2 protein chains.
Amino acid sequence: MDLTERKKRILRAIIENYIQSAEPVGSKTIAQSIGMEVSSATIRNEMADLEAMGLLEKPHTSAGRIPSSKGYRFYVNELMEDHKLSLQETERMNQALRMKMQELDRVLDQAGRMVAQLTSYPAFALSAGTERMTIRRFDLLMVERNAFIIVVMTDSNIVRNRLIRLPSDLSEAQLQMLNTLLNTTFTGLTLEEITPELMRVAQHAAGDAYGLISLVVSFAMEVLESLEQRRVHTSGLAHLLELPEYQSLERAQPLMSYLSEDSDPARFPVPKDDPMKILIGPENVADALKDTSVVVASYDIGEGMRGVIGVVGPTRMDYAKITARLSYLAEGLSRLFGQGELPQGRDEEK
Amino acid sequence: MDLTERKKRILRAIIENYIQSAEPVGSKTIAQSIGMEVSSATIRNEMADLEAMGLLEKPHTSAGRIPSSKGYRFYVNELMEDHKLSLQETERMNQALRMKMQELDRVLDQAGRMVAQLTSYPAFALSAGTERMTIRRFDLLMVERNAFIIVVMTDSNIVRNRLIRLPSDLSEAQLQMLNTLLNTTFTGLTLEEITPELMRVAQHAAGDAYGLISLVVSFAMEVLESLEQRRVHTSGLAHLLELPEYQSLERAQPLMSYLSEDSDPARFPVPKDDPMKILIGPENVADALKDTSVVVASYDIGEGMRGVIGVVGPTRMDYAKITARLSYLAEGLSRLFGQGELPQGRDEEK
DNA sequence: GTTAGCACTCAGAGAGTTTGAGTGCTAAAA
DNA sequence: TTTTAGCACTCAAACTCTCTGAGTGCTAAC
């Protein structure tokens, strides 16, 4: 797709104007805008060309032009300049990141909220555990005669625990035995490899404490399952209603519902190779997102896991600003997890 | 407030009709409705009386009547019959409860979602830790030469953990010593009682490992803090847009925003003594909730903590149905935490 | 105390009109 | 060959006006 320099300037002016105003842009506006020394008629001709190329479209005959999805795509790929983050912006984001550090728990959720807040668009956050996980070690801690804590740690260094109460008492020796049995039999296995047969064998070996084995192992399985099962958090939905394109309920409602039923993470795009991905309008697979754009960035959680944050908005979206902010946040989150900048180790929220 | 039997019947008919239709109710409708053997003119007279008493109001001269907040209050207190939960309803709720069992993690969040889903109204969930908490025990588990897991358990049997990595190696003996020191010095103390002086003394006693003490103790403090700090989760916001009263954006938007910025739990009412509370329109403190009703129920998390679930909706809300469902769910959640119905113990999400 | 009847009110729907931003085309100018 | 001025045309959106009908309050008769 080759365009003359002037066509590029015009296209860009139209898109940036539309991003701000959400109103179709007319030839006159463009003619007046920054240093365009030609008349509106000329612009009109150029616009007609751009329309023929599929980069612009008209809502109706007597309105101005609006960018098509293809137009946005061209803009994003070739025209867009990097948005320079202002000092205030970075300061604000740093502050948010610093605050969140205190609650390494629930990072996912928090990350989403933060993004929503800092971009003023609805945001989502999800994790993408790529590999199959296994339990690396079990620890059983006696609390009282009839209660103990299970602590399991996965091969990716995630630690989870649960308090178990028993109807009957338990001896320290039994617990010890159980502990050894678990660590020899159930470590290094994926969810599928923990078969009923294996359970039966182990229960047999456990003697008296055979009931406990299944309690502990099923907890371990729950942990593996919950870590593999990716979850999405959406936040900032209310921002949608501030946008002119969602002033009409018919448009807002389906999208809202789609974003709320966050059961299925598969519905959200995950950047594969690049750290950042932009999906414009129909490029989205999901029907409900067909006239929205989605910008996603991924960050490193460490230990073979990546987190994903993203925002959803109208195709008319300030791509430059949003990508700048999102990648800054993604980097911040990576740092937050990665190095020793902050309290090390992490234990929560896959 | 004494009403004749007939006035009560009329008021009730109006409210129940309005709850269903969201349209002002006219005298004719009522006259035709269930077994009213009088004419519409009579009803009109009665309605005028009810209006004079402040139980009804008119949106404008030539419309029907709608219940006032006072009217709803009267209805809730005196007229409302218990809604019988159908088999399908309870079955559906049981199923939801059963499903959620699997993720005792994140109960709060899940509880909210569940309520939203089962009531078709936006819902919120929050915890209300009443007492000051303390750490009951510490456990340190060696993972590698330079990494260990801290496990802390509070006096209310909540267990949290974190993986700590060190720049240098650590001996089993040191860990043992640290463990003892922690359990003798820092157990049974509230957040305030863990003073800098105490820390200094402990660090001194720890010898080589003095840096570790602060690491571990600050984790413990984070845990106490996060448990005391109450948090709110809202979900099902999109349901709002399905309701006729929120078809206009001006009305939906402020409420949405209010419910989204869920930073401050203080903004949500908590039932004090009763297990269930209904706040109608202006009875709500928050401005944004002035023309909505809020129904809250609390449930037992055990160990001195109560959880709260609630729904928000228009004042025209099917109080009978909502309260029935909410209290069923609250009970279910209590059971879920309390007895041995299900995997005992819990470890997450204050 | 109840009812029939009637005049009155008023939001909301529908039809028609106006407005103005914006277009495409043509013919002249550069 | 490109640019421009000019003009006729289009059409959504805003505005006005009228009509409709559900619903009321009041009065007088039952």
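Just so it is clear, the model here is predicted, and its values are computed rather than measured. The analysis underlying the following values was restricted to heavy atoms, covering all of them including side chains, and did not include hydrogens, waters or symmetry mates. A, B, ... follow the sequence lines: proteins, then strands. Residue 1 opens every chain.
- Computed from coordinates, the B:His60 NE2 to D:dT24 P distance equals 10 Å when rounded to whole Å.
- Side-chain N/O atoms of A:Thr61 and base N/O atoms of D:dT10 include no donor-acceptor pair closer than 3.5 Å.
- Listed nucleotides: C:dT3, D:dC11, C:dG24. Nearest to the side chain of A:Ser62: D:dC11.
- Distances shorter than 4.0 Å separate none of the side-chain N or O atoms of A:Arg6 from OP1 or OP2 on D:dT2.
- In summary, the side chains of B:Ser257 and B:Gln253 do present a donor paired with an acceptor at a separation below 3.5 Å, with no hydrogens or angles considered.
- Annotation: side chain of A:Leu118 is in contact with side chain of A:Arg92 (closest heavy-atom distance under 4.5 Å).
- Between the side chain of A:Ser39 and the base of D:dT4, no donor-acceptor pair under 3.5 Å is found.
- Among the nucleotides C:dT2, C:dT23, D:dG25, the one closest to the side chain of A:Ser27 is C:dT23.
- A straight line from CG of B:Asn45 to P of C:dG1 spans 11 Å, rounded to a whole angstrom.
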Could you go through the side-chain contact (heavy atoms from CB on, under 4.5 Å) check for A:Tyr75 and A:Glu16 one step at a time? CA-CA 9 Å; A:Tyr75 171 75; A:Glu16 289 178 356; 3.0 Å; yes
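- Checked for salt-bridge contact, B:Glu81 and B:Arg12 meet the test: a charged N lies under 4.0 Å from a carboxylate O.
- Across all strands shown, B:Ser40 has no heavy atoms under 4.0 Å from either base or sugar-phosphate atoms.
- Ranked by how close their nearest DNA chain C nucleotide is to the 5' end, B:Glu46 and A:Pro24 are led by B:Glu46.
- As a whole-Å value, the separation of A:Ile66 CD1 from C:dT23 P is 13 Å.
- Salt bridge B:Glu89/B:Arg325: present, at least one basic N to carboxylate O contact under 4.0 Å.
- Considering only the side chain of B:Val38, C:dT3 comes nearest among C:dT3, D:dT4, C:dG22.
- Going from atom CG of B:Asp49 over to atom P of D:dC26 covers 12 Å, rounded to whole Å.
- Residue A:Met47 contributes atom CE, which lies 8 Å from atom P of C:dG24 at whole-angstrom precision.
- The side chain of A:Thr42 approaches D:dT3 more closely than any other nucleotide in the set C:dT2, D:dT3, D:dT24.
- In this structure, the CD atom of A:Glu23 is 11 Å from the C1' atom of C:dA21, given to the nearest Å.
- Between the CD1 atom of B:Ile30 and the C1' atom of D:dT24 there is a distance of 15 Å, given to the nearest Å.
- To the nearest angstrom, P of D:dT24 lies 10 Å from CD1 of B:Ile43.
- B:Lys58 comes within 4.0 angstrom of the backbone, heavy atoms only, and of no base.
- When heavy atoms are screened at a 4.0 angstrom cut-off, B:Ala41 is found touching base atoms of the nucleic acid.
- Close to D:dT3, at under 4.0 Å from its OP1 or OP2, lies no side-chain N or O of A:Arg44.
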